[in-house]
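Everything below concerns the one structure shown next.
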Amino acid sequence: CGEMHHLVDVAPFSNECRDAPDTEETEFSDAVFEYISRILMEEDIEEKTCMLQDSLDLLSAEKSFYEVLGKKYPPSPEPKRPDLCSESRFVRQFRMGVEESSKFLPNQATTELLYQEPYGKIDKVDRLGALKRKESLHMEEGNMEERSSKQAFVHEESVLRSDAFDAVLLNIQGEGLAHLMNLRASLKHRVNEIAHKIEEPKGGRGHGKKKRGKVEVVDVRTLLIQCAQAVASNDHRSANALLNEIRKHASPFGDGTQRLAHYFANGLEARLAGTGSQIYRGLVNRKTTAADMLNAYHLYLAACPFQRYSNTVSCRMVIDTVADKMRIHIIDFGILYGFRWPTLIQLLSRRPCPPKLRITGIDLPQPGFRPAQRIKETGRRLANYAQSFNVPFEYNAIAKRWEFIELEELKIDRDEVTIVNCMFRFENLFDETVEEESPRDIVLNLIRRAQPDLFIHGVINGNYNAPFFVTRFREALHHFSSLFDMLDTIIPCENQERMLIEKVTLEREALNTIACEGWERVERPESYKQWQLRNMRAGFVQVPLSRRLAQFVFNKIASRYHKDFVVDEVGKWLLIGWKGRFLYAFSTWKPA
């Protein structure tokens with residue numbers, strides 16, 4: 001905690017901080033835990049795949065589909081509304097062909113190898129409890145006939161309410177908070193054990209081992225950079241020799257550095273062979289169930305503050321902006337499962353007369369004949385949640401490429417307080433190096449034209465979008481090194497959800513960054529300073545974050561998370577990171 005206090009002057013805010021209710025942390029814990037648990041109870045959740053995974057799969061497959069047809073990519077949008085439903089049908093057929101061909105591609109680590117027996121008592125999070133509740137539900141409905149697709153369409157309402165369930169989960173001292181705190185305690189105990197083993201001298205050789213380990217880390221990174229230079233020069237002989245050396249220090253089941261080396265070596269090997277795009281599509285076609293990803297997300301919430309406090313920033317800035325207004329419109333770019341808004345719904349319900357909340361949920365289309373189905377499911381879940389708390393609610397789903405959205409589709413009402421929110425998803429928009437008219441600038445201009453009362457913008461603070469490969473590789477290596485080191489420090493290496501995060505998310509992002517180019521490279525993060533220039537060019541002025549909110553985040557991360565997490569406020573941006581490297585940044589804006 002000591003190293004964090006120098007980042008901000010604590011004294012001027014001490015009274016404000018004492019006034020801030022400590023139940024905010026509890027509110028978030030219970031609201032999100034309950035929301036995740038409700039999703040896990042849905043009958044078909046084990047059959048569904050990750051929403052973002054499917055969307056990026058479709059996005060990366062589009063270019064290859066148009067090349068096969070001999071047409072220009074990206075397609076020129078027709079006036080007002082491209083026919084995305086008919087387009088997705090043909091893309092889906094092409095994707096099925098890619099999925100079949102991907103079975104013959106090299107596979108470094110199969111899914112079966114990852115799902116070994118979980119480690120210790122902290123691995124399953126709340127999955128066991130959710131599955132037991134789900135099992136009980138199935139027993140009650142066991143005599144029902146198999147439902148038609150129309151019946152399945154309205155399934156959510158039949159499983160989301162239970163008095164006993166709400167009594168446990170809605171209490172501010174309920175099971176949701178207990179599970180999260182127990183998991184955090186287990187993780188903290190694990191960290192202390194590791195620290196004790198490192199510090200404990202063994203025959204006077206402890207310092208030597210630590211030193212040799214440090215040299216090995218530096219050597220692996222140097223080898224990776226040298227290999228990237230050989231790949232960039234198309235020097236197959238040197239690159240293969242370096243890859244063989246790297247493989248000696250790489251493993252998907254080793255420590256953080258070994259896992260980093262394994263996945264980055266895979267990316268270099270794919271780039272050298274020219275198979276990056278095929279292997280990337282093979283990775284996204286290797287489906288992961290939504291249930292597994294939700295459990296991994298719950299672990300991630302407990303282990304690190306990045307996602308948790310991005311949700312806190314969104315929620316608290318909305319509350320501060322709307323004040324006592326009675327009509328609120330939130331436009332959420334990248335809504336996915338809607339995890340940000342259950343806490344807001346709870347807070348709004350505490351007013352004597354809760355305001356009407358309207359959410360426009362925007363995300364990329366899903367493959368298949370119903371590209372908006374999953375986004376609409378998010379709306380139904382949020383609607384049911386709002387009904388639980390007697391908050392008037394309306395939802396509008398938009399499933400299309402964001403740069404093709406028209407202002408009229410946002411249905412702006414000047415009598416509402418309008419807030420635009422986007423957390424970490426602008427990195428998947430193409431920029432001017434790919435398309436002359438940058439989709440990033442198009443979307444920012446759309447938001448400015450909507451004239452929101454506030455634009456909440458969270459970005460991945462990564463500088464690995466350079467067109468020059470070696471520069472991009474070096475920056476990506478720094479960024480992913482921090483992520484793998486963080487996971488290795490906090491979570492046991494045998495943990496199933498940790499391996500899922502690394503395999504499904506980090507490997508996919510790293511391979512796309514290293515081995516794909518042009519339209520097929522969908523991972524394109526920029527630094528917060530670059531986004532600041534973009535936002536200003538688009539006609540926004542930056543609004544300082546609430547100092548009370550900033551102090552709240554400082555204090556909570558210092559007191560509840562590992563000491564190596566860092567927080568700072570620079571140029572009106574709230575920055576959060578690991579061991580001195582800031583990985584995520586948050587800011588608020590208004591149209592000029």
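Heads up: numbering here begins at 1 and tracks the sequence. For the numbers below, each heavy atom of this structure counts, side chains included, while hydrogens, waters and symmetry mates do not.
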Close side-chain approach of I456 to W589, heavy-atom, < 4.5 Å | no
Check: V391 and Y385 side chains under 4.5 Å, non-hydrogen atoms = no
SG-CD1 distance between C422 and I335, expressed to the nearest 0.5 angstrom = 11.5 Å
Interatomic spacing from CD1 in I319 to OG in S314 - rounded to 0.5 Å | 12.0 Å
Is the closest basic N to carboxylate O distance between R440 and E403 below 4.0 Å?
-> no
For the side chain of N463 and the backbone of E526, is there at least one donor-acceptor N/O pair under 3.5 Å apart?
-> no
Who are the side-chain hydrogen bond (donor to acceptor under 3.5 Å, both in side chains) partners of N445, not counting sequence neighbours?
-> none
Sequence neighbours left out, what passes ring-ring contact (aromatic ring centres under 6.0 Å, His included) with Y300? Give chain and number order.
-> none
Do Y280 and R508 touch side chain to side chain, with heavy atoms closer than 4.5 Å?
-> yes
Could you tell me whether a side-chain N or O of R381 sits under 3.5 Å from a main-chain N or O of Y337, the two making a donor and an acceptor?
-> no
Decide if atom CE of M326 counts as having more than 12 heavy atoms of other residues, nucleotides or ligands within a radius under 6.0 Å.
-> yes
Please tell me if the side chains of I375 and Y395 come closer than 4.5 Å, counting only heavy atoms from C-beta onward.
-> yes
Working for side chain to side chain contact (heavy atoms under 4.5 Å, CB included), residues R374 and D363 | CA-CA 10 Å; R374 302 290 292 277; D363 223 308; over 6 Å; no
With T360 as reference, evaluate H329, K411, E409, E394 under the side-chain hydrogen bond (donor to acceptor under 3.5 Å, both in side chains) test and give the passing residue.
-> H329
Between F540 and Q532, is a side chain to side chain contact (heavy atoms under 4.5 Å, CB included) present by the stated rule, with each step listed?
-> CA-CA 9 Å; F540 290 94; Q532 182 161 10; over 6 Å; no
Does a side-chain heavy-atom distance below 4.5 Å link R498 with K503?
-> no
side-chain contact (heavy atoms from CB on, under 4.5 Å) filter on P525, not counting sequence neighbours, yields E427, I460, Y464
Determine the minimum heavy-atom distance between N461 and S527, stating which atoms define it.
-> OD1-CA, 3.3 Å
Between E416 and K356, is the closest basic N to carboxylate O distance under 4.0 Å?
-> no
Are the side chain of T275 and the backbone N or O of Q278 linked by a donor-acceptor pair below 3.5 Å?
-> no
Going from NZ on K590 to CG on N535, what distance comes out if it is rounded to the nearest 0.5 angstrom?
-> 15.5 Å
Centroid-to-centroid, F306 to F565, below 6.0 Å?
-> yes
Output for pair (K400 NZ, I362 CD1), nearest 0.5 Å, gives 10.0 Å
Could you check if a side-chain atom of R534 sits within less than 4.5 angstrom of a side-chain atom of D441, using non-hydrogen atoms only?
-> yes
Correct closest heavy-atom pair for C516 and R521 would be O-CD, 3.3 Å
Shortest non-hydrogen contact from I576 to P305?
-> CG2-CG, 4.3 Å
Verify, without hydrogens or angle tests, whether T378 (side chain) and L336 (backbone) share a donor-acceptor contact under 3.5 angstrom.
-> yes
Verify, without hydrogens or angle tests, whether N421 (side chain) and D332 (backbone) share a donor-acceptor contact under 3.5 angstrom.
-> no
From R340 CZ over to L382 CG, what is the distance, rounded to the nearest 0.5 angstrom?
-> 12.0 Å
Kindly determine whether F484 and E502 satisfy side chain to side chain contact (heavy atoms under 4.5 Å, CB included), including the steps that lead there.
-> CA-CA 8 Å; F484 276 97; E502 293 169 338; 3.9 Å; yes
Are the ring centres of Y297 and F339 closer than 6.0 Å?
-> yes
Note: E406-R449 ion pair, threshold 4.0 Å (strictly below) = no
Could you walk me through whether T343 and W341 pass the side chain to side chain donor-acceptor pair (under 3.5 Å) check?
-> CA-CA 5 Å; T343 303; W341 308 123; over 6 Å; no
Considering the options I328, I331, D413, I330, which one meets the side-chain contact (heavy atoms from CB on, under 4.5 Å) requirement together with R358?
-> D413
Residues which pass ring-ring contact (aromatic ring centres under 6.0 Å, His included) with F426, listed by chain and number, not counting sequence neighbours = H457, W531
Validation row: L483, L583 side chains within 4.5 angstrom (heavy atoms) = yes
Might you point out which heavy atoms bring P354 and P392 nearest each other, and give the distance in Å?
-> O-CD, 3.9 Å
Taking only residues two or more places apart in sequence, or in another chain, which ones meet E509 in a salt bridge (Lys or Arg N to Asp or Glu O under 4.0 Å)?
-> none
Candidate pair L454 and V417, rule side chain to side chain contact (heavy atoms under 4.5 Å, CB included), full reasoning | CA-CA 9 Å; L454 193 69; V417 178; over 6 Å; no
Closest heavy-atom pair and its distance - G518, V434 | O-CG2, 4.4 Å
May I ask you to decide if R414's main-chain N or O and T418's side chain share a donor-acceptor pair within less than 3.5 Å?
-> no
Looking at A303 and Y561, what are the two nearest heavy atoms and their distance?
-> O-CD2, 3.8 Å
Rounded to the nearest 0.5 Å, how far does CD1 of I405 lie from CD1 of I442?
-> 11.5 Å
Report yes if some heavy atom in the side chain of Q542 is under 4.5 Å from a heavy atom in the side chain of S587; otherwise report no.
-> yes
Apply the test ring-ring contact (aromatic ring centres under 6.0 Å, His included) to residues F586 and W573: give CA-CA distance (whole Å), side-chain angles for both, the deciding distance (0.1 Å), then the verdict.
-> CA-CA 6 Å; F586 310 94; W573 287 81; 8.7 Å; no
Residues which pass salt bridge (Lys or Arg N to Asp or Glu O under 4.0 Å) with D431, listed by chain and number, not counting sequence neighbours | R524
